[in-house]
Amino acid sequence: MRSPLTYSIKAVDEELKRTRLRWERVLSGNYEGQSSWEIINQRLDQRIQEQQYDWIINSLRDFWIHYTSYADYYLQIDIDAHKAKEYHYLAALSGELIYRLLERGFSHQIFNSGMPYDFKKKNFTYTYTAILANEPELALRIAAEDTLEGALLLQDYERAQAMLPENPEDFPKYNETNQCMWAIAHGNEKIFNKYMEKGVKLLRRQARISPVTIDTRGLALIKLASQRGIVCHLDVIELPQSLLDDDRLDTGNLVLPIADKINALQLP
């Protein structure tokens, strides 16, 4: 008989303790120097002023990381689902700005590598934040309707199936996200749970090197699955399903401070 996943593991518990201590210092202001917000904002302003247009998207990704880190804090440390949704929404707005710049022809470099990044191939990296913010329209603006994520967001499962291989095992190794999407498109709860569990096990095997204390992409997959009537049966610390809801945000006061200067950019 296959043994079930335990609720948590030692590596995750220890990392959570360290995470709580780090956030106590950040939120109390008990550190020297500038905040991460000030640093990435100044870097963006400098790149705009010096017309380093191929680095603007890299800066926007820094803002996306900033907001998602706060969203993770509110989900797993402060246990405040509403605040987490607000930060996921701001992260999604940062992601949307990236896609709009790409549409306008801005080039980009990621991780100081000088290499381009296939955003369309990795839509879910940015759509998941909008999904967790309960903003499907924003998620769709990022992913577009002609993608797998777009078809799932529109609940057009027949079209989603046409974009997928016949068998979920036909994906490359370590592709549990797409395998879960395959299960959603085909309405197969058993296969969905199989690959969700496989994904958590992979995270736990890597925990000694790079512990992941919360699987936000997994939570977004669970939300997509719930629209299909699929239930995730995993009860593990990385997937706090009790914090998921369908409540929409009042986004009137949630403004991305950098949006105006990004929208004003013009390629030479």
Side-chain angles (χ1 to χ4, degrees), residues 57 60-61 63-65 67-69 71-72 75 84-85 87-103 108 110-111 116-157 159-165 168 170-188 191-200 202-203 206 210 212 214-228 230 232 234 238-239 241 244:
I57 288 174
L60 290 179
R61 195 173 188 281
F63 282 98
W64 179 86
I65 292 171
Y67 288 123
T68 54
S69 66
D72 287 354
L75 271 180
K85 277 189 288 189
Y87 277 99
H88 275 134
Y89 175 72
L90 292 171
L93 290 180
S94 301
E96 185 186 20
L97 284 179
I98 290 174
Y99 280 69
R100 298 296 79 80
L101 288 186
L102 290 171
E103 289 176 349
H108 61 281
I110 298 296
F111 297 134
Y117 180 88
D118 192 340
F119 281 90
K120 279 297 180 185
K121 186 177 180 180
K122 301 188 177 183
N123 273 331
F124 198 63
T125 300
Y126 297 91
T127 55
Y128 92 81
T129 53
I131 292 169
L132 290 181
N134 294 334
E135 292 290 329
E137 298 87 358
L138 176 56
L140 195 58
R141 292 201 300 271
I142 295 171
E145 295 185 11
D146 60 349
T147 63
L148 174 60
E149 293 89 337
L152 293 179
L153 286 162
L154 292 169
Q155 301 182 46
D156 189 347
Y157 300 117
R159 185 161 62 88
Q161 291 172 23
M163 300 180 187
L164 293 162
D170 291 339
F171 286 105
K173 196 175 182 180
Y174 306 128
N175 213 313
E176 289 78 15
T177 295
N178 279 337
Q179 288 167 323
C180 286
M181 289 186 179
W182 188 100
I184 295 170
H186 287 82
N188 193 315
I191 289 180
F192 179 79
N193 278 276
K194 170 186 173 180
Y195 289 115
M196 284 295 294
E197 182 173 332
K198 188 176 177 181
V200 173
L202 176 62
L203 292 177
Q206 300 171 342
S210 179
V212 174
I214 186 166
D215 182 9
T216 41
R217 289 167 177 77
L219 288 172
L221 286 169
I222 290 170
K223 285 194 69 67
L224 281 177
S226 68
Q227 295 178 353
R228 185 71 152 127
I230 292 175
C232 179
L234 287 178
E238 295 92 341
L239 297 170
Q241 296 185 56
L244 297 178

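What you see is a predicted model; the values in this text were computed from it and never measured.
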Distance-only check: which donor-acceptor pairs under 3.5 Å involve side-chain atoms of residues 176-185, not counting sequence neighbours?
{"residue": "Asn178", "atom": "ND2", "partner": "Asn175", "partner atom": "OD1", "Å": "3.0"}
{"residue": "Gln179", "atom": "NE2", "partner": "Pro168", "partner atom": "O", "Å": "3.1"}
{"residue": "Trp182", "atom": "NE1", "partner": "Pro165", "partner atom": "O", "Å": "2.8"}

Between side-chain atoms of residues 140-153 and protein atoms elsewhere (two or more places apart, or another chain), which donor-acceptor pairs fall under 3.5 Å?
{"residue": "Arg141", "atom": "NE", "partner": "Glu96", "partner atom": "OE2", "Å": "2.6"}
{"residue": "Thr147", "atom": "OG1", "partner": "Ala143", "partner atom": "O", "Å": "3.2"}
{"residue": "Thr147", "atom": "OG1", "partner": "Ala144", "partner atom": "O", "Å": "3.0"}
{"residue": "Thr147", "atom": "OG1", "partner": "Gly150", "partner atom": "N", "Å": "3.0"}
{"residue": "Glu149", "atom": "OE2", "partner": "Phe124", "partner atom": "N", "Å": "3.4"}

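Under the salt bridge (charged side-chain N to carboxylate O under 4.0 Å, His left out) criterion, Asp170 pairs with no residue at all, not counting sequence neighbours.
Distance check: Leu97 CG to Leu102 CG gives 11.0 Å after rounding to the nearest 0.5 Å. Between the CD1 atom in Ile98 and the CH2 atom in Trp64 there is a gap of 8.5 Å [rounded to 0.5 Å]. With rounding to the nearest 0.5 Å, the separation of CD1 in Ile230 from CE in Met196 is 11.0 Å. Atom CD1 in Ile214 sits 4.5 Å away from atom CG in Leu75 (nearest 0.5 Å). Here Phe63 contributes atom CZ and Leu90 contributes atom CG; the two are 11.5 Å apart, rounded to the nearest 0.5 Å. With values rounded to the nearest 0.5 angstrom, Leu101 atom CG is found 11.0 Å from His108 atom NE2.
The minimum heavy-atom distance linking Ile191 with Asn188 is given by the pair N-OD1, 3.0 Å. Here the closest heavy-atom approach between residue His88 and residue Thr129 is recorded as CB-O, 3.3 Å. For the pair Arg159 and Asp156, the tightest heavy-atom approach, listed with the atom from each and the gap, is NE-OD2, 3.1 Å. Scanning both residues, Glu238 and Val212, for their nearest heavy atoms gives CG-O, 3.8 Å.
By the 6.0 Å contact criterion, NZ on Lys122 is open, its count of non-hydrogen atoms from other residues, nucleotides or ligands being 12 or less.
Cys232 is listed as a side-chain neighbour of Asn193, based on a closest heavy-atom distance under 4.5 Å. In this structure the side chain of Arg61 never reaches within 4.5 angstrom of the side chain of Ile57, judged on heavy atoms. Residues Thr68 and Tyr128 are in side-chain contact: their nearest non-hydrogen atoms beyond the backbone lie under 4.5 Å apart. Two residues are said to be in side-chain contact when any heavy atoms from C-beta on lie closer than 4.5 Å; Leu244 and Lys223 meet this criterion.
Below 30°, between 30° and 60°, or above 60°: for Phe119 and Tyr126 the angle between ring planes is between 30° and 60°, a tilted geometry. Using cut-offs of 30° and 60° on the angle between ring planes, the pair Tyr87 and Tyr67 is tilted.
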